[in-house]
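Report on the structure given below.
Count residues from 1 along the sequence. Note that these values count all heavy atoms, side chains included, but never hydrogens, waters or copies made by symmetry.
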Amino acid sequence: MTGPAHDAHWVDVLKLRDEVRRTDGSVGELQMSLAKAVYQTVPVPYAKCTYYTDITQPTPLLVGFLGRVARRLGVQGVEAKACFHLDQGMGGGKSHALVGIWHLINSSESFLATDLGHAVAAEATAGGHELDLSAVVPIMLIGDSMSPGKTDPRFGPATDLFGRFLWLLFDRHSDRMGRWQHYVALGANKATLQAAFSEIDRPVLVVIDELMDYAMMLSDQDAIDGLPGEQAFLNALADAVDDQPHVALIVVVIRSDEDQAGYHPAAEEMREYVTARLRRNGETVTVTEPADFAQIIRRRLFASGKGDEVARSTAAAYLAAADETWSKEVYGKLGSARTLTSLPDRIVETYPFHPDLFELVAKEWSVVQAFQRVRSTVDIFARTVLHWATEREAGRWAPELIGPGDIPLHTDALEALLSSGVLAGSSRAIQGFRAVANTDIVRSGGGGGTAFTLDTALATNGVLVGQPAPAIRMATACFAYSLVPRAQAARGATKPELIAAIAGPDVQYVAAEEVFNALTASPVQGGLGALERARPAQGKGPERFYLSIKQTLNMYHANATAMVSNDLALDRVWKRAQRLASKGAFSRLHFAERSIGGDVSAAGCFSGIDGQENRLVVLDPRRWSLLNGRDADTRIDLDIAFGVTAGLSATYAASMVAAMVNTQRRTRARDRARDLIAWETVVAQLDPAAEEYPEACARRDEARTKLDADVKWAYQHYAYLLRTADGLTVQYKTMPDGRSALVGQEVWNDLVAVRRAVAAGALAPEYVSQLIAGGTFGRDLTPIELFALPYSDPTWPLVATVDDLRQALFGLATSTEWMLTDSDGNEIRPASPSQIQPASMQQLLRPRPVLSPQPSSTFPIPVSGRGGGSSQGVSKLTGGYAGANPVPSSQAETEATTYEVTKVRMPLSSLTNDAKREAVWGLIRELASLVDPARTTVDLQMLGLEITVTARTRDTSSLLSKAKLLPGVTFSIEEEDL
């Protein structure tokens, strides 16, 4: 992913609030309390109107609520709602809104002078009215700071809600006690309340906060008798306020579905009783919505700075950098709400935070009732923002956008996250995810952790992602996505979501995918130990990845893996290699162990392997491997094994091929073996009746299959002996992709391709003739010598079978260029390849003498040696000759020639017997030899033939075609019924 760089960074344009820096990101008092603002029991910054308005984003719902309350209290001659029921869950902004109401009434002039105040005033005075809040009487009844039936200095003699209401109503009256006693005596009914409002004759704001806390205390055995009276007062108050102009009532009663607290049935009944009356007399109010979330958080953390221009620049950089692969593989798979087209607008809306982070927090974490959207998020984000701002200010890297992978888990941001309520307060879940963060991602304080280690390995291997810790960032994103169930009860994140977590203007997709592959690899290969995969049912939907805190199969497996040494794993690789190896076209399969009876010398390890046969020798991967800069010892040992250097007698080294592993691929096979051994351990530990047992067995079997594939893949190389101009050398070859040096037939085929071997049945006599002619023997060769050459001479190719060489020599012995003779020099004409004797030491294969076709021509006398190229010695043929008209040596040149007539008659007989047919073939072949034009030593004058053949119809057609070529030959064909 590449794109134009932009200079501005959010750290440079957005100024962190002083309290964020001063408190090391804790931001101090995050949860606003109406009691602290009103009574100032402890000093809090938001008790000051200027601070409150500075950190408060004027969101539409908040402004609308404050404006309607102000309109009810301070605008004359208009109808407005009197009762307001705040029923959002925890963290929904209720307390923040109530503190705003307090400042609006208590410090109206200062409040209305701010941006927030201007927006509220505009809402309240819509229609051209005037707003005056100077005379409003505030009555703040805070349920969690009052005890039913008990007196409190703030409320004089009052012990219930009605009495406390009256005490605060007549706060500025000269006869406060008298007026209080008067109305208490009248009782808590609608008429009493209306009379009190009329007497005070000023706008009145009644706020009852945390009513359910008060109801819970009322349900106590010592106070429950007062519950009916309190309910009656609240009912009368709702009716009286609705009928009284310029009086407003705000009650906070959290909805039952948003409240995790367990209440007494009497308190639950009070909730339902009060809620019904509030709905009848007023409106239910929500003061925040998801659309406001980003603005609220940004205003809470940053004091100043206009980031819109930089946000647009950053968005443009992301958009420009999204090449076709990013568009297709990431943004195209994130869903319709997270497309590449919508990304710029989403970035501008949430800047400097990545929209995916807000999507996660606002729509998924917030589903957990214990997670307080604003409060918890500010706590987490403040620590995150401070960390990256500090990094940037120190001249180090910081993300362009703070995304799901940028919560610094090695800092106290982890504890802020775990204690935020996102885990619903489960101590087991908190402990589990804390352990996962420290083990699988990064240790507290930095350093260590699986992802941290992977970042080092990726950097060493040259994987450049344009950021210092991509594995930590992607693993952190997986951590964040794993904390709560997602939409439709899905678990974790998809591959596009995890890759998107490290996207940026300078990030190449292929590098980001390498990080993903490293993290999601098995723990044996360095991947996250707690990572689980959720595969979609029936292949519908994307695969998901999540970090689990359960003692899952992966955790059992990770523990078992830690107990498997590399040596034990390589032992398994060697055992599987021996089981998987096959000889194919080779005559025999050998296995060279790293030591024999304690002897670790190369000579000792390869002793007993030499022999006159084609051998595939598989080398022990625990000792021998090739390439990766660590194969010097392997090459030294093989030089000895092949006889290139002294140390081992290797007569037939030319027919030995050594198969060995690739050094780097051996590591993967070793790790796969560790994986298998660990799964075998897990299966052994589990009860066969356990729920996980079938899956453990399946994963063991899958690991075994993958091990076999990786072992074959690891055996990538083979070696053989070669003779070059400089002498003997060991030649090393690499198998083509998809083939293995453990498979003998595949090695043989590769040898054929490089002309170091001959395919079965493909050894041509002419090829053997060239090999003999190209030798430097200086003499004729016996069959036993010829049959040894493919095994002992590296200039000869490997021959698949003895029969292949026998067939080739038979072709030579019956050719016009070569002949086979006995020890006396007499020609032996074999009738079939089976008559070639591989072990013969008396026979010789020698060139056939060549005669001149004209009397005046003079031809060189055939001589012994390969190809007839030597001038030493005359052929020892009976009837040797050196002219155009050779004469048998036993006769004088002037002696007259005598002739005889030889008749041979063979009765018509059956040839179904193999022996009989072989004998007949010998007779016919000898006749053919007599007629052979090349056999000029025979003086053949006349020949007559009578041939009767009974054969399958048309099998003699070739015979007839030849007969037609001779003048005077007649023939006939008769049907025969056998």
Residue pair Leu112, Leu104: steps toward the side-chain contact (heavy atoms from CB on, under 4.5 Å) verdict: CA-CA 7 Å; Leu112 294 173; Leu104 175 65; 4.0 Å; yes
Do Arg154 and Tyr39 meet the cation-pi criteria used here (NZ or CZ under 6.0 Å from the six-membered ring centre, within 45° of the axis)? yes
Other residues, nucleotides and ligands only: do more than 12 of their heavy atoms fall within 6.0 Å of CD on Glu309? no
Nearest 0.5 Å, please: how far is OG in Ser134 from CD1 in Ile105? 10.0 Å
Determine yes or no for a side-chain-to-main-chain donor-acceptor pair under 3.5 angstrom, with Arg72 supplying the side chain and Val247 the backbone. yes
Is there a side-chain contact between Arg544 and Arg491 (heavy atoms, below 4.5 Å)? no
Could you work out, with side chain to side chain contact (heavy atoms under 4.5 Å, CB included) as the rule, every residue matching His129, not counting sequence neighbours? Arg71, Val75, Val78
For the CG atom of Asp345 and the OG1 atom of Thr350, what is their distance to the nearest 0.5 Å? 11.0 Å
Side chains of Leu86 and Leu98, heavy atoms from C-beta outward: is any pair under 4.5 Å? yes
Before we go on, tell me: are the rings of Phe433 and Phe479 under 6.0 Å apart, centre to centre? yes
Can Arg164 and Asp152 be said to form a salt bridge (Lys or Arg N to Asp or Glu O under 4.0 Å), step by step? CA-CA 9 Å; Arg164 288 165 175 156; Asp152 187 313; 5.7 Å; no
Among Phe293, Phe302, Phe353, Trp388, ring pair (Phe, Tyr, Trp, His ring centres under 6.0 Å) partner for Phe381: Phe353
Do you know the tightest heavy-atom contact between Ile55 and Arg299? O-CG, 3.4 Å
Between the side chains of Thr275 and His85, is a donor N or O closer than 3.5 angstrom to an acceptor N or O? no
Straight-line distance of Leu343 CG to Leu319 CG, nearest 0.5 Å: 7.0 Å
Within the 4.5 Å heavy-atom criterion, are Ile297 and Phe358 side-chain neighbours or not? yes
Polar side-chain atom of Gln295 near backbone of Gln57 as donor-acceptor pair, under 3.5 Å: no
Looking only at heavy atoms, the pair that brings Thr125 and Ala121 closest together is OG1-O, 2.7 Å
Quick one: does any side-chain atom of Asp455 pair with a main-chain N or O of Ile472 as donor and acceptor, under 3.5 Å? yes
Any donor-acceptor pair under 3.5 Å linking the side chain of Ser426 with the backbone of Leu423? no
Output yes when a side-chain donor or acceptor of Arg383 lies under 3.5 Å from a complementary backbone atom of Asp24, and no otherwise. no
Would you mind reporting whether Leu205 and Met140 have side-chain heavy atoms less than 4.5 Å apart? yes
What's the shortest heavy-atom distance between Asn438 and Arg434, and which atoms? ND2-O, 2.8 Å
Over 60° means perpendicular and under 30° means parallel, so classify the ring planes of His410 and His387, tilted if in between. perpendicular
Exam field: side chain Asp506 to backbone Gly466, donor-acceptor pair closer than 3.5 Å: no
With a 4.5 Å heavy-atom cut-off, do Tyr46 and His96 have their side chains touching? no
Using side-chain contact (heavy atoms from CB on, under 4.5 Å), reason through Met474 and Phe545 one step at a time and then give a plain yes or no. CA-CA 11 Å; Met474 191 179 290; Phe545 304 84; over 6 Å; no
Rounded to the nearest 0.5 Å, what separation is found between the CG atom of Leu211 and the CG atom of Asp144? 11.0 Å
Under the criterion salt bridge (Lys or Arg N to Asp or Glu O under 4.0 Å), I'd like the reasoning laid out for Lys94 against Asp209: C-alpha separation, chi angles, the key distance, then a yes or no. CA-CA 9 Å; Lys94 300 181 305 297; Asp209 189 17; over 6 Å; no
Pair Met146, Ile142 - check side-chain contact (heavy atoms from CB on, under 4.5 Å), show working. CA-CA 7 Å; Met146 302 181 299; Ile142 303 167; 5.6 Å; no
Quick one: does any side-chain atom of Thr53 pair with a main-chain N or O of Thr50 as donor and acceptor, under 3.5 Å? yes
How close do Leu360 and Tyr481 get, counting heavy atoms only, and between which atoms? CD1-CD2, 3.8 Å
Show the numbers, then the answer: is there a side-chain contact (heavy atoms from CB on, under 4.5 Å) between Arg271 and Met212? CA-CA 7 Å; Arg271 185 210 300 269; Met212 288 311 297; 3.6 Å; yes
Which class fits the ring pair Tyr331 and Trp326: parallel under 30°, tilted 30 to 60°, perpendicular over 60°? tilted
Ile499 side chain near Val515 side chain, heavy-atom distance below 4.5 Å: no
Can you tell if the side chain of Trp365 reaches within under 4.5 Å of the side chain of Thr377, non-hydrogen atoms only? no
Donor-acceptor contact below 3.5 Å, side chain Glu415 vs main chain Asp412: no
Does a salt bridge link Glu349 with Arg298, judged by any charged N lying under 4.0 Å from a carboxylate O? no
Taking Ser107 for its side chain and Ser110 for its backbone only, find out whether a donor-acceptor pair lies under 3.5 Å. no
For Leu386, give me all partners under side chain to side chain contact (heavy atoms under 4.5 Å, CB included), at least two apart in sequence or on another chain. Leu16, Val20, Arg21, Thr390
Do the non-hydrogen side-chain atoms of Ile402 and Trp10 ever get within less than 4.5 Å of each other? yes
Which heavy atom of Tyr351 sits nearest a heavy atom of Glu400, and at what distance? CE1-O, 4.2 Å
Look up atom CG in Leu340 and atom CZ in Arg346, then write down how far apart they are to the nearest 0.5 Å. 10.5 Å
CG-CG distance between Leu334 and Asp356, expressed to the nearest 0.5 angstrom: 6.5 Å
Could you report the tightest heavy-atom contact between Leu133 and Ser108, atom names first, then the distance? CB-CB, 4.0 Å
